[in-house]
Structures are given as structure tokens and as C-alpha cells.
Protein chains: 2
Amino acid sequence: MNNTKRARYETRASILKALAHPTRLFMIEQLSKKSHCVLELTEMVGLDVSTVSKHLSILKNSGLVNVEKKGKQVFYSLRMRCALNFLDCVEAVLREQAQDRMDAIQ
Amino acid sequence: MNNTKRARYETRASILKALAHPTRLFMIEQLSKKSHCVLELTEMVGLDVSTVSKHLSILKNSGLVNVEKKGKQVFYSLRMRCALNFLDCVEAVLREQAQDRMDAIQ
DNA sequence: TGCATAATTGGCAAAATAACCAAATAAGAT
DNA sequence: ATCTTATTTGGTTATTTTGCCAATTATGCA
């Protein structure tokens, strides 16, 4: 792989990386249902506000979520609904893994 | 989030993590076209064999690829074709980002 | 049996990531 | 203008990840 090609894959990987963290995955799911401000998400996640804010910043930079400021609060929502397809595939992988383990003990 | 829930999201995130690296992303694409042995992939990727082998081990453990031993060689292939849907969404995100930048300068 | 090839594993150093706390910024309310 | 609330940013530490080299394992061949 030359440098140009590697850069191309790095860009794409960075979007996947944004999703590849339990907290961010959870937040993406919540944001797919309705938009939330930082404190609401902080409450749901159960980590420090600053940590949650940084996670949201990663999601924002990836282009996966929308940001809207309303007075003192900042509301995040899911921009790319197709990200939810990822999760369907992840579930499919888990089902396959479970089947493999079943096969292994028979 | 309680511990059970967090564990649930960690499992799912680990599958996404397997995809979220430029080298592994590239290999998944190659393996979607045809199966390859480790040395072939090493050639294409341009990193040390041991590095490529470790990346492949991550993909294998995620359940995304199949492994088949043939004589001295080990062939990897894409198991979960749905992983390619991920990449379609990634492309969609990139198109949106490009559009945003266009809008910004107008 | 010994040799060559293919792949994996262990160990180490450098880089990236994630968590917290403290401090700074932004905006509405008194 | 000051105070309070919401969010972000800077800094530190601990952990994880990635890459290479060297050594080991596995398989087929002479």
C-alpha cells in the first residue's frame, strides 16, 4: 500500500473508530431514538461530563451526528441513520459466533 | 449504564474495533474479492509478516473472517459479507462531509 | 533426518486512547 | 455586573494498540 492509498483507508477507518467504543455505541443508539443534550447523555452513560463531551466530539468530527445549540444546551442527534445497519451486522456476527459454539460442543 | 449493559456494548464494540484499522479495512476488502494466504496479504499491505498475522488474528477472533489451512499455508476469506454494508455507509458519510465543505465555502 | 518455507507467538518501544480533575468558556437568570 | 448552569478544553495518568525483531511451531520436501 502506498501513502495515498493508506491515507484513504485511514480516513475510512477513523469513521469506524468513532463507532468502535462501547460508550459511543450506546450513545449512537440513544441518539437514533431522539436527540439529547450532553447532561442527559452523561446521566445515561454514568461517566464524567468531560469524558462524555469528548466522546461526543469524536462522533461530531466523524460526521455521524448533528449538533444544535439551544440556549445553554447543546443537542446531539444521529445524522447518518445508515450507521444503524452496522449494528444489524454486528448482531448477525454474534449470532454466528453463538452457533459456532453450539456446534463445537455437539 | 450498569455492568451487564456495559459488557453487552463492549462485545459489540469489539467487533467494530476489528474493522476500525486501515490495514484491516484494506484486508477485509481484498478478502471480499477472493481468499488469500498470509504472505499474499503481507505483500499487498507492505508491513512485516508478524504484524499482518496479528491483524488477521484480530479479524479471526471477531468472527468476521474464515480461516482454512491448506498445507503450509493458511487462507483467510470474508465470512460476514454484511461487513461490506458498513463500508457503503462510510462512503455515504464521506460524501456528506464533502457536501458540507462545499456548502461552507459558498 | 535435516532443510526450507509459512505462519504464529513473545517481547519490547512508541504511539494512541480513555478516564478523571481542574480550569476556562458561553449563555441565560437575578 | 454577578451568579449559576451547561459545555468544552487542558493536563495527567493508566491502559491499549501497533509495529518490528527474534524465536518458535508446523508442514512439506530432499
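- Closest approach to the S50(B) side chain among dC21(D), dT27(D), dG19(D) is made by dC21(D) (side chain taken as heavy atoms from C-beta onward).
- The distance from atom CE of M27(A) to atom C1' of dA18(C) is 12 Å, rounded to the nearest whole Å.
- Along DNA chain C, the nucleotide nearest to V67(B) and the one nearest to A20(A) differ in position, and the one closer to the 5' end is contacted by V67(B).
- Between the P atom of dT17(C) and the CG atom of N61(A) lies a distance of 12 Å, rounded to the nearest Å.
- An OP1 or OP2 oxygen of dT8(C) is reached within less than 4.0 angstrom by a side-chain nitrogen or oxygen of S53(B).
- Checking dA22(D), dA6(C), dA18(C) against the side-chain heavy atoms of L39(B) singles out dA6(C) as nearest.
- Residue contacts shown for V49(B) include a base, since a base heavy atom lies under 4.0 Å away.
- Atom CZ in F75(B) sits roughly 12 Å away from atom P in dT8(C) (whole-Å rounding).
- With values rounded to the nearest 0.5 angstrom, R12(B) atom CZ is found 14.0 Å from L19(A) atom CG.
- When rounded to the nearest whole Å, the span between CD of E68(B) and P of dA26(D) equals 19 Å.
- Proximity note for V74(B) (side chain, C-beta onward) versus dG19(D), dT18(D), dA7(C): the nearest is dA7(C).
- For L16(A) and dT17(D), the CG to P distance is 16 Å, given to the nearest whole Å.
- Contact annotation: side chain of K70(A) to base of dG28(C), donor-acceptor pair absent below 3.5 Å.
- The aromatic rings of F86(A) and F86(B) lie parallel to each other, their planes meeting at an angle below 30°, with 60° marking the opposite boundary.
- Here Y76(B) lies in heavy-atom contact (under 4.0 Å) with sugar-phosphate atoms only.
- In this structure, of dG28(C), dA18(C), dA7(C), it is dG28(C) that holds the atom nearest to the side chain of K72(A).
- If you take CZ on R79(A) and OG on S62(A), they are separated by 10.0 Å, rounding to the nearest 0.5 Å.
- F26(A) has its CZ atom 18 Å from the C1' atom of dA18(C), to the nearest Å.
- For K17(B) and dT17(D), the shortest distance from a side-chain N or O to OP1 or OP2 is below 4.0 Å.
- Looking at Y9(A) and E29(B), their side chains do bring a donor and an acceptor atom within 3.5 Å of each other.
- Residue S57(A) is the one, among S57(A) and G71(B), whose nearest nucleotide of DNA chain D lies closer to the 5' end (criterion: closest heavy atom).
- For dG28(D), its base never sits under 3.5 Å from the side chain of K69(B) at any donor and acceptor pair.
- Note that CZ of R24(B) is 5.5 Å distant from NE2 of H55(B), once rounded to the nearest 0.5 Å.
- Residue H55(A) places at least one side-chain N or O under 4.0 Å from the OP1 or OP2 atom of dA19(C).
- dA6(D) atom C1' lies 14 Å from atom CD of E43(A), rounded to whole Å.
- Nucleic acid contact class of L47(B) (heavy atoms, under 4.0 Å, all strands): sugar-phosphate only.
- Put simply, the side chain of T51(A) never gets that close to the backbone of L47(A): no donor and acceptor are under 3.5 Å apart.
- For dC20(C), the OP1/OP2 oxygens have a side-chain nitrogen or oxygen of T51(A) closer than 4.0 Å.
- Each of K54(A) and Q73(A) has a nearest nucleotide on DNA chain D; the 5'-most of these lies closest to Q73(A).
- What separates CG of L41(A) from C1' of dT7(D) is a distance of 12 Å, to the nearest Å.
- OP1 and OP2 of dT15(D) both lie 4.0 Å or more from every side-chain N or O belonging to H21(A).
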